[in-house]
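This report concerns only the one structure given below.
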Amino acid sequence: MIPALTGPAGRPFQFGNGKKHDADYGQQDPVNTPLVHPDRIRPVRGGQPGPGPVVYWMSRDQRAEDNWALIHARSLAAERDVPVRVLFCLVPSFLGATARQYGFMLRGLKETAASLHRDGIPFHLIRGNPPDEVPRFLEKAGAGALVTDFDPLRVKRDWLRRVCERITIPACLIDAHNIVPCWKASPKQEYGAYTIRPKIHRLLETFLEPFPRLPPQSVAPSRFPDLPDPDALLHAPGLDDSVPEVPNLRPGSAAGMALLDEFIRDRLSGYATDRNDPNRPGQSGLSPWLHLGQIAPQRVALEIRAADQDDDSVRAFLEELIVRRELSDNYCYYQPAYDAPTGIPDWARRSSEAHRGDRRPFVYSLRELEEARTHDPLWNAAQNGMAVTGKMHGYLRMYWAKKILEWTPDPETAWRTAILLNDKYSLDGRDPNGYAGIAWSLGGVHDRAWNTRPVFGKIRYMSLGGCRRKFDVDQYVRTYGIS
DNA sequence: ATCGGCTCGCGCAA
DNA sequence: TGCGCGAAGCCGAT
């Protein structure tokens, strides 16, 4: 326990008497109400808070609304009567991201910055390597405390660790992405959805609570930085512009919320029956906005639940939004090799090794796969569709990934290829969901053993015939294939 | 259209 | 120690 981050009740940065908040605490005085559940908060560095502003280093959760990390930063600032500043550190090269993903992110950030400025909170975009630049900014701003948002990916955890080594002010981490904080849902890597599901459901009542609405900042600086200029930033040297932005797509929190409204109004009621047909717009399509934190999963869950629609559909959607998404965070948080075949379950690894030398019916190069030039029109259509639209239907993602295992020389190549292509073309690349999905498809993670097959061993196989039985493959190929 | 067998191991009841 | 059952299947029999 770190003294500077601990309130009188032993709960970090508590306000008031610590009693459970009411359903709507928009009316309440932030100074006298514990706004953020203490289990959402993780102190990562102790020390005496300085007299300067509280800085929220925004990373995974790029929104001004419904953001527990920002809410906590504002609470800290209100308590100490200092301003809040939001910092975003733009890295010129991040895990294979291209102009497609940077464009979506930067246009969203511009909107977020404008919202923050309206609330009296300056948004600072800096560029460079976070372990160098974040401490430098904190020093220059005379920051008194640091707040940041939780991300289970190695590179993000590494940044935070190194930032903490270089600063002298207290710092804390908030899980603003998961409804049940990742470390609270489970203390270990879970074996499957069925093992984490009851743990999450037990805690939902506590954590799936309404967001407080805070008044504009009373202590606000007189000067605000310029809003970020996405078009200028996209031309920065070193930025991979090999994949263009997706036209006719609206990044940002407002567009994400509009898409959510449209989904609830027009498509949620059919979700239970339509979601696994790639020819129907049965899925929400929210994943790019969720991935970049432009909208909060918790906001989505609250709205879906309030919609009071077809029970099966609501249940099925919340299962995917909450249980399976948070299982992905659990996997990346507790499994260091979340993006390699060394992290898969024992039965899968034994089986996979036994079939390493199996003859592959087709072997394609990265280039052939990337250019969608295989013998399988469905696979080509899925790959081509992703390259053009930046997304791929959830059901086809499994098929697409499994075929990469079947058509490359070894599992290592398959993992590398699947991750590279997903991260390069998908708007939701580099997300724990993507890593967990690939681990499920290629490594049997969160799955069970199945009938032994060549190459796959006991890892679940999927076939073109199976797809034909489930949906109209030819229609999909007509829509997304290369003619 | 529908059913059963395939196959492993976690978590819980006992 | 035994037992139920699981992140989206496949295949062949009926």
Side-chain angles (χ1 to χ4, degrees), chain A residues 178 185-202 270-280 282-284 287 297 312-313 315-332 334-335 338 343-355 358 361 376 378-379 382 391-406 418 422 428 431-473 476:
Chain A
N178 293 295
S186 170
K188 59 167 192 171
Q189 184 183 346
E190 290 293 334
Y191 191 77
Y194 75 102
T195 61
I196 203 171
R197 187 177 296 116
K199 300 181 182 183
I200 287 178
H201 278 286
R202 262 200 303 277
Y271 186 77
T273 50
D274 292 349
R275 75 189 142 148
N276 278 342
D277 185 343
N279 289 314
R280 294 170 195 247
Q283 302 193 324
S284 73
S287 85
D312 285 347
S313 290
R315 235 195 318 276
F317 185 82
L318 291 180
E319 164 76 8
E320 303 208 6
L321 177 77
I322 303 174
V323 174
R324 298 196 198 167
R325 207 177 40 73
E326 303 200 356
L327 177 61
S328 300
D329 260 39
N330 170 276
Y331 170 65
C332 291
Y334 292 111
Q335 174 50 255
Y338 56 73
I344 69 180
D346 283 341
W347 65 265
R349 197 171 44 240
R350 280 195 302 273
S351 182
S352 189
E353 282 307 315
H355 290 268
D358 287 2
D376 176 346
L378 175 60
W379 195 94
K391 57 187 181 176
M392 189 188 300
H393 189 276
Y395 185 82
L396 275 180
R397 285 187 188 215
M398 303 186 287
Y399 178 79
W400 172 87
K402 282 179 181 291
K403 292 299 155 188
I404 295 176
L405 180 65
E406 195 174 348
N422 184 54
D428 59 2
D431 193 277
N433 283 321
Y435 296 116
I438 287 168
W440 181 87
S441 301
L442 307 191
V445 170
H446 302 148
D447 202 9
R448 51 176 284 200
W450 294 87
N451 216 355
T452 298
R453 309 262 320 194
V455 183
F456 286 81
K458 291 168 180 167
I459 294 166
R460 184 196 298 256
Y461 179 73
M462 286 175 78
S463 70
L464 184 56
C467 290
R468 286 199 191 281
R469 259 176 265 129
K470 285 191 179 57
F471 65 94
D472 186 341
V473 167
Y476 187 84

Hey, could you give me each pair passing side-chain hydrogen bond (donor to acceptor under 3.5 Å, both in side chains) that has a residue in residues 432-446 of chain A? Not counting sequence neighbours.
A:Ser328-A:Asn433, A:Asp431-A:Asn433

[X]: which residues meet the side-chain contact (heavy atoms from CB on, under 4.5 Å) condition with it, sequence neighbours left out?
X	result
A:Thr452	A:His355, A:Lys458
A:Ser287	A:Asp428
A:Ala354	none
A:Arg324	A:Glu319, A:Glu320

Under 4.0 Å protein heavy-atom contacts per nucleotide of nucleotides 8-14 of chain B, with B for base, S for backbone only and - for none:
SBBS---

Could you verify whether a donor N or O on one side chain and an acceptor N or O on the other, from A:Asn178 and A:Asp329, lie under 3.5 Å apart?
yes

Output all residues satisfying salt bridge (Lys or Arg N to Asp or Glu O under 4.0 Å) with [X], sequence neighbours left out; order by chain, then residue number.
X	result
A:Asp376	none
A:Arg448	none
A:Lys199	A:Glu190

Counting any heavy atom closer than 4.0 Å, what does [X] reach on the DNA or RNA strands: base, sugar-phosphate only, or nothing?
X	answer
A:Arg453	sugar-phosphate
A:Asn276	base
A:Arg325	nothing
A:Met462	sugar-phosphate

Given the [atom1] atoms of [N] and [M], what is the spacing between them in whole Å?
N	M	atom1	value
B:dA1	C:dA8	P	23 Å
C:dG9	B:dC10	P	23 Å
B:dC3	C:dA7	C1'	22 Å
C:dG12	B:dT7	P	15 Å
C:dG4	B:dG4	P	16 Å

Excluding sequence neighbours, so at least two apart, what forms side chain to side chain donor-acceptor pair (under 3.5 Å) with A:Tyr334?
none

Just the endpoints, please: which first and last nucleotides of DNA chain C, 5' to 3', lie under 4.0 Å from a heavy atom of chain A?
C:dG6 to C:dC11

Are A:Leu378 and A:Leu396 side-chain neighbours, meaning at least one heavy-atom pair lies under 4.5 Å?
yes

Counting a pair only when it is Watson-Crick or G-U and both distances are under 3.5 Å, which runs of at least 3 such pairs involve DNA chain C?
B:1-6 with C:9-14, B:8-13 with C:1-6

